[in-house]
Amino acid sequence: MRSQLDGVTAELTPTSGALLAARNRFLTFNRNSGSSWFIRRDVMMKNVEVNPETTLWVDIEGESVADRRALIGSLPWRAPLPAAVLDAVARPTESDVVELQPTLMHYAFGVLTCAINPLHHDADIDADTTEDEDIFRGETFDAARGFVWCSVLVTDSFIVTLHDKPFRGLEEVVRALEMRVSPADPSAGYELLNPSIVLATLVAYTSEMMLPDPTALLSEVDCIDEMVLLIAPGERDQPDLLRRVALLRRRISSFRGVLYLKEKLLRELVTPSMRGSFVSCDMHQVMPIYKEALDKNTQVADRLDDARDILNQANLNFVTGVSMRMSQSSANMDFKMQILGQVATICLPLNLLASIFGMNCEVPWQADTHDNLKAFWGILGVMVGWVLVCSIPTIRELLRGNAAKAIVPADN
């Protein structure tokens, strides 16, 4: 990959940094000479005008909406494109979509969500995008999460990409395309390349760069799964566990949402309508790229789904543990109420007997007719004996405790 500074190396100030850190950057990929980087738009346009037939790919980084619209309109398209299409490419409204327009000039356009390259991220650039924020509302929201939108307009002979910031995978795409030289005839250059290969390589690399590493997430989910049954009731452990589960669910949902959009995009690119067009008709070079990217995306998505299932099961175990504690507390209360009911049943006849002898009427063994307390002590002894005899089952249950019985009785 060779870099061209357009003869303006002396104009670069020390604060401008390297070429890759410039606000505006342009890339042209020629079938004969490979890739060339520019930092001036006019020099890039001259390079394209000199080689209109061999220019395969033009990448535009930065620029305003009006400049983007003017640039893509001045590129050497074989046939005029509708103004609405050019406006949609210069001003995207949704990401991870691709649309095929089967007209007289076969073309497709779409938007890819890419990860912003942290090596080229500049805070000053973000501070200067107030004008774009009023236009790219969805793109601004994604930029806050570390993503940048890349608009793509591709025909059977030419492809153009536009994005606001550098993204991860762009240099890797250029390097991969330059390595696609025919080993049988290296002098042929990049004649084997076509826009569909460029698009497939761009989609595959940007998708792979956005794949999250779920290893740390799976480790946290496993820790939650192991400690969920060890959480004791209290005001510290249970709220902390629920907060951790909520944060893990949010992370899984965020990762899964990004993977779902990429998976949907890759599946759209391998549909029969796309396979019947120039976009995916090459079954030997283009389709394997899409299938490999889809397989990688699916593997990571399956791991995230497994993590979500484990987290849901851990949450279910926690809820089950809380329910078990509540059931145990309820069973203990029922046992105490049962003992209290038995004590009340034992005391009820004694209360009845004392009430009978306490009535204001003549009953046997009153003090007026008996000069001793033998009858009183006799009745009191009967009552004590009644209490002792009737309390034996209750005392046995108290000594045995509230032992839970098996759900399925064991065979004798």
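- Across every non-hydrogen atom of Gly169 and Tyr205, the tightest pair is O-CB, 4.2 Å.
- In Met283, the CE atom is crowded: over 12 heavy atoms of neighbouring residues, nucleotides or ligands sit closer than 6.0 Å.
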Step-by-step side chain to side chain contact (heavy atoms under 4.5 Å, CB included) determination, Leu153 to Leu86: CA-CA 9 Å; Leu153 180 58; Leu86 300 180; 4.0 Å; yes

Stepwise side chain to side chain donor-acceptor pair (under 3.5 Å) test for Asn317 and Gln313: CA-CA 6 Å; Asn317 292 339; Gln313 185 61 41; 3.2 Å; yes

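- In this structure, Phe109 and Tyr107 have parallel ring planes: the angle between them is below the 30° cut-off, well short of the 60° mark.
- Looking only at distances, no side-chain donor or acceptor of Ser391 sits under 3.5 Å from a matching main-chain atom of Leu388.
- Here the side chain of Ser219 pairs no donor or acceptor atom with the backbone of Thr215 at under 3.5 angstrom.
- Heavy atoms only, all atoms of each residue included: Lys264 and Asp96 are closest at NZ-O, 3.9 Å.
- Of the possible donor and acceptor atoms, one in the side chain of Lys262 sits under 3.5 Å from a partner among the backbone N and O of Thr113.
- For Val258, the side-chain contact (heavy atoms from CB on, under 4.5 Å) test picks out Phe147, Met210, with sequence neighbours left out.
- Under the side-chain contact (heavy atoms from CB on, under 4.5 Å) criterion, Lys296 pairs with Glu208, Leu211, Glu292, sequence neighbours left out.
- A salt bridge links Arg244 with Asp240: the distance from a Lys NZ or Arg NE/NH1/NH2 to an Asp or Glu carboxylate oxygen falls below 4.0 Å.
- In the displayed structure, Arg396 atom CZ is contacted under 6.0 Å by at most 12 heavy atoms of other residues, nucleotides or ligands.
- The closest side-chain heavy-atom distance from Glu220 to Leu247 is not below 4.5 Å.
- Interatomic distance, CD of Glu94 versus CH2 of Trp149, reported as 7.5 Å (0.5 Å rounding).
- A distance-only check finds a donor-acceptor pair linking the side chain of Asn312 to the backbone of Arg308 [under 3.5 Å].
- Atoms CG and OG1, from Leu199 and Thr161 in turn, are 10.0 Å apart once rounded to the nearest 0.5 Å.
- Taking the six-membered ring for Trp and thresholds of 30 and 60 degrees, Phe29 and Trp57 have ring planes inclined between 30 and 60 degrees apart.
- Note on Asp59 versus Arg25: no salt bridge recorded, every NZ/NE/NH1/NH2 to OD/OE distance being 4.0 Å or above.
- Side-chain atoms of Asn24 come within 3.5 Å of backbone atoms of Glu63 as a donor-acceptor pair (strictly under, hydrogens ignored).
- Listed for the Arg256 side chain is no donor-acceptor partner under 3.5 Å among the backbone atoms of Arg251.
- What you find for Lys165 and Val148 is that their closest heavy atoms are N-CG2, 3.8 Å.
- In this structure, the side chains of Lys291 and Leu266 stay at 4.5 Å or more apart for every pair of heavy atoms.
- Under a 4.0 Å N-O distance rule, the pair Arg303/Asp306 does not qualify as a salt bridge.
- Two residues are said to be in side-chain contact when any heavy atoms from C-beta on lie closer than 4.5 Å; Ser74 and Met45 meet this criterion.
- Thr55 and Arg31 get closest at one heavy-atom pair: O-NH1, 4.0 Å.
- By the ring-ring contact (aromatic ring centres under 6.0 Å, His included) test, Phe278 is found to be paired with His106, residues two or more places apart in sequence or in another chain being considered.
- Looking at heavy atoms from C-beta onward, Ser280 lies in side-chain contact with Met287 at the 4.5 angstrom threshold.
- Formation of a donor-acceptor pair under 3.5 Å by the Ser327 side chain with backbone atoms of Ser323 is found in this model.
- Between Pro76 and Val48, some side-chain heavy-atom pair lies under the 4.5 Å cut-off.
- Here the CD1-CG distance, from Ile252 to Leu304, works out to 7.0 Å after rounding to the nearest 0.5 Å.
- When every heavy atom of Val173 is checked against every heavy atom of Leu202, the shortest pair comes out as CG2-CA, 3.8 Å.
- A donor-acceptor pair under 3.5 Å is formed between the side chain of Thr298 and the backbone N or O of Leu294.
- The shortest distance between side-chain heavy atoms of Ile116 and Phe167 does not fall below 4.5 Å.
- Pairing each heavy atom of Ser196 with each of Val279, the nearest pair is CB-O, 3.4 Å.
- The closest side-chain heavy-atom distance from Phe318 to Leu242 is below 4.5 Å.
- Within 6.0 Å of CD in Gln338 there are more than 12 heavy atoms belonging to other residues, nucleotides or ligands.
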Audit row: Glu178, Ser35, side chain to side chain contact (heavy atoms under 4.5 Å, CB included) steps and yes/no: CA-CA 8 Å; Glu178 290 186 337; Ser35 63; 2.5 Å; yes

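- No donor-acceptor distance shorter than 3.5 angstrom exists from the side chain of Asn51 to the backbone of Thr54, with no hydrogens or angles considered.
- Atom CG in Asn194 sits 7.5 Å away from atom CG in Leu56 (nearest 0.5 Å).
- Looking at heavy atoms from C-beta onward, Leu265 lies in side-chain contact with Leu112 at the 4.5 angstrom threshold.
- Rounding to the nearest 0.5 Å places CZ of Phe38 at 4.0 Å from OG1 of Thr28.
- Of the possible polar contacts, none joining the Ser207 side chain to the Ala204 backbone as a donor-acceptor pair under 3.5 Å is found.
- With values rounded to the nearest 0.5 angstrom, Leu248 atom CG is found 12.5 Å from Ser253 atom OG.
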